[in-house]
Amino acid sequence: MNDQNINDANQNKPNPSATKAYGKSIYLFTNDLRIDDNLALQQACEASEQLLCVYIVAPQAFTENTYGLKPIGEHRWQFLYQSLMDLNRSLEQLGQHLVIYYDHPLEVIAKLTTQHAIDAIFRSQQIGVHENQFWKSLKQRHSSLSFIEAPTYTIFSQTNLPIDLGDFPVSFSKFRKKVESTSYIDNLQKTPKIKAMPRAFASTLNELTEHPSISAINASKNYYPVTGGETEGLKHLKNYFSTSQPTTYKEVRNELDGWENSTKFSLWLAQGCVSVNTILTELQNFEAHVKANESTYWIAFELLWREYFQWLAMSAKTRLFQSSGIKQTQITSHFSPTAFQSWCEGNTAEPLVNALMHQLNATGFMSNRGRQLVASYFVNELNLDWRYGAAYFEQQLIDYDVASNWGNWQYLAGVGTDPRGKRHFNIQKQQALYDPAQRFIRRWLNQNSLTIAI
């Protein structure tokens with residue numbers, strides 16, 4: 001088996017003049033739904049005579065899991081589907097197309113490798129333990145193929161991360177000090193946008209079809225003012241940095257409502273429609289040519305939090321999903337179906353919690369402050385198993401990210417990386433701080449106003 005793992009984006013950029021190593025290859029799109037700044041896709045294009053671009057929608061994503069929830073809910077799926085359609089349009093401009101399969105991933109790959117005599121499979125390096133177990137299973141089943149990965153979802157690659165994953169700090173401050181000392185933001189390098197792509201396999205040209213099950217799920221109401229995909233993500237990025245909003249980000253980032261009160265980059269980052277390095281490059285340009293202040297630094301600071309959770313998840317593996325968490329701390333909790341349902345539906349004893357949950361259910365989004373408040377209420381006042389709350393966020397959030405979501409829930413529950421232990425927010429105090437006139441509460445508890453754009 002020719003097993004390659006391309007880890008360093010800066011040292012392993014593809015050579016356009018290099019001899020193509022593979023006749024037929026599959027590029028497996030995952031959380032990298034873009035053309036620009038996609039090292040893994042660039043590698044696949046440069047190394048392959050023919051390339052099949054594939055995205056696999058697993059049926060289990062829409063069936064109940066251990067927590068009685070669907071891993072992908074309506075809002076999240078709608079944004080993801082829009083992102084896939086946008087990616088296909090971009091690929092078509094380059095003479096390619098995206099083949100979407102609605103089937104079990106291992107079976108899809110087995111079918112394709114047999115039918116088309118595949119030589120290699122490319123994908124972006126993944127963070128989640130389950131996604132990496134899938135990759136391991138593929139290697140075991142298809143040992144004659146080459147498997148090539150490249151990092152596209154993080155700032156660092158594993159080879160240039162200045163921290164050993166085996167001794168990863170369970171403290172963000174220690175991580176930040178380490179990585180900021182590397183001057184990472186001064187050394188950002190982007191892979192070039194792909195200008196040409198190898199042709200696809202002719203026999204798959206008619207396979208880009210919308211499966212009926214996908215169509216049924218895609219019929220959700222669109223309360224959200226944005227569209228998924230690289231095109232819209234880059235447009236939003238340019239628009240954001242064309243305003244003065246970056247210079248006031250820190251002052252308004254904790255607001256519960258308002259489209260302009262946070263960057264909203266997480267929506268496109270989650271599916272990889274825009275890379276974190278593209279965002280940091282735009283931020284760097286803004287600071288160099290417009291203004292640099294505490295707020296612009298805070299945008300980078302929040303992106304470092306995201307980076308921290310990615311590598312923490314890589315280090316923690318299955319502990320990311322265990323009740324005792326990364327710290328392996330035993331906690332006492334229970335599960336009440338009635339209390340859980342009331343929290344999900346926004347029907348608790350706290351109006352602010354209810355308003356926030358109504359916002360989430362109507363839009364697929366909630367501010368970072370709001371997420372902290374409803375999570376604190378979940379684990380402290382309701383004393384429920386934090387994993388059910390994390391699973392509900394996984395179902396509902398458009399910007400769901402496995403590392404950030406489960407890492408943040410552990411943080412609030414006291415089993416993660418917070419050195420202070422369990423975080424307990426006083427809901428009444430928080431309401432006085434962030435919604436003293438109860439405008440947010442009235443807006444989101446009024447059933448007639450659920451279509452208001454956030």
Side-chain angles (χ1 to χ4, degrees), residues 1-9 11-58 84 87-126 131-132 134-152 157 191-209 272:
M1 178 177 69
N2 182 11
D3 182 10
Q4 302 178 46
N5 185 9
I6 304 171
N7 282 318
D8 197 326
Q11 297 180 8
N12 292 283
K13 290 194 174 186
N15 180 0
S17 63
T19 303
K20 295 184 183 296
Y22 307 107
K24 292 182 177 181
S25 300
I26 292 172
Y27 187 80
L28 188 59
F29 277 99
T30 51
N31 57 350
D32 60 339
L33 305 184
R34 64 180 186 273
I35 303 297
D36 194 24
D37 193 23
N38 190 335
L39 177 63
L41 180 59
Q42 187 77 16
Q43 293 280 1
C45 290
E46 296 298 340
S48 308
E49 292 287 348
Q50 295 185 69
L51 185 67
L52 181 62
C53 296
V54 171
Y55 187 90
I56 305 174
V57 182
L84 292 172
L87 175 61
N88 184 56
R89 287 189 291 269
S90 297
L91 289 170
E92 287 179 339
Q93 292 175 5
L94 298 169
Q96 262 282 356
H97 68 287
L98 182 66
V99 185
I100 302 175
Y101 291 92
Y102 183 79
D103 203 348
H104 297 285
L106 287 174
E107 294 178 8
V108 170
I109 298 300
K111 172 185 173 184
L112 291 175
T113 55
T114 300
Q115 288 183 346
H116 302 290
I118 299 298
D119 300 306
I121 301 176
F122 293 77
R123 76 164 187 179
S124 286
Q125 194 174 49
Q126 297 294 293
E131 290 80 0
N132 285 313
F134 163 70
W135 194 242
K136 182 179 179 181
S137 297
L138 279 182
K139 291 179 180 180
Q140 292 172 343
R141 292 189 181 199
H142 307 281
S143 57
S144 63
L145 303 185
S146 293
F147 291 85
I148 303 97
E149 292 182 290
T152 67
S157 66
T191 52
K193 195 160 188 173
I194 296 167
K195 302 299 182 184
M197 299 186 73
R199 65 185 184 278
F201 311 156
S203 61
T204 65
L205 289 176
N206 295 322
E207 292 190 48
L208 181 58
T209 57

Could you report the tightest heavy-atom contact between Arg34 and Gly272, atom names first, then the distance?
NH1-O, 2.9 Å
Which label fits Phe147 and Trp135: parallel for a plane angle under 30°, tilted from 30 to 60°, or perpendicular past 60°?
perpendicular
Give, for atom CD of Gln125 and atom CG of Leu39, the distance between the pair rounded to the nearest 0.5 Å.
10.5 Å
Rounded to the nearest 0.5 Å, how far apart are CG of Leu41 and CD of Glu46?
10.0 Å
Measure the shortest side-chain to side-chain distance between Tyr22 and Leu145 over non-hydrogen atoms and say whether it is less than 4.5 angstrom.
no
Can you measure from OG (Ser25) to CD1 (Ile121) and round to the nearest 0.5 angstrom?
9.0 Å
What heavy-atom pair brings Leu98 and Tyr55 nearest, and what distance separates the two atoms?
CD1-N, 4.0 Å
4.5 Å side-chain heavy-atom contact, Tyr101 and Leu112:
yes
Taking Gly23's backbone N and O only, do any of them form a donor-acceptor pair with Asp119's side chain (distance below 3.5 Å, no angle check)?
yes
One should read off an interatomic distance between Ile56 CD1 and Asp103 CG, to the nearest 0.5 angstrom, of 8.5 Å
Indicate yes or no: at least one non-hydrogen side-chain atom of Leu91 is less than 4.5 angstrom from one of Phe29.
yes
So, the side chain of Ser48 versus the backbone of Cys45: is there a donor-acceptor pair under 3.5 Å, distance only?
no
If you take all heavy atoms of Phe122 and Ala40, which pair is closest and at what distance?
CD2-O, 4.3 Å
So CD1 of Ile194 and CD of Gln96: to nearest 0.5 Å the spacing works out to 9.5 Å
Should Ser124 and Asn38 count as side-chain neighbours, where that means a heavy-atom distance under 4.5 Å?
yes
Mark yes or no for whether Asn31, through its side chain, and Gln126, through its backbone, hold a donor-acceptor pair below 3.5 Å.
no
So, do Glu92 and Asn88 sit near enough that their side-chain heavy atoms are less than 4.5 Å apart?
yes
I need the Ile26 CD1 to Gln50 CD distance, nearest 0.5 Å.
12.0 Å
In short, Asp37 meets Thr191 closest at the heavy-atom pair CA-OG1, 3.1 Å
Taking all heavy atoms of Ile35 and all of Leu87, pick out the closest pair and write down the distance.
CD1-CD1, 4.0 Å
Between Thr30 and Glu131, is any side-chain donor less than 3.5 angstrom from a side-chain acceptor?
no
With a 4.5 Å limit on heavy-atom distance, are the side chains of Val54 and Ile109 in contact?
no
Would you name the heavy atoms of Met197 and Leu51 that are closest together and state the gap between them?
CE-CD2, 4.2 Å
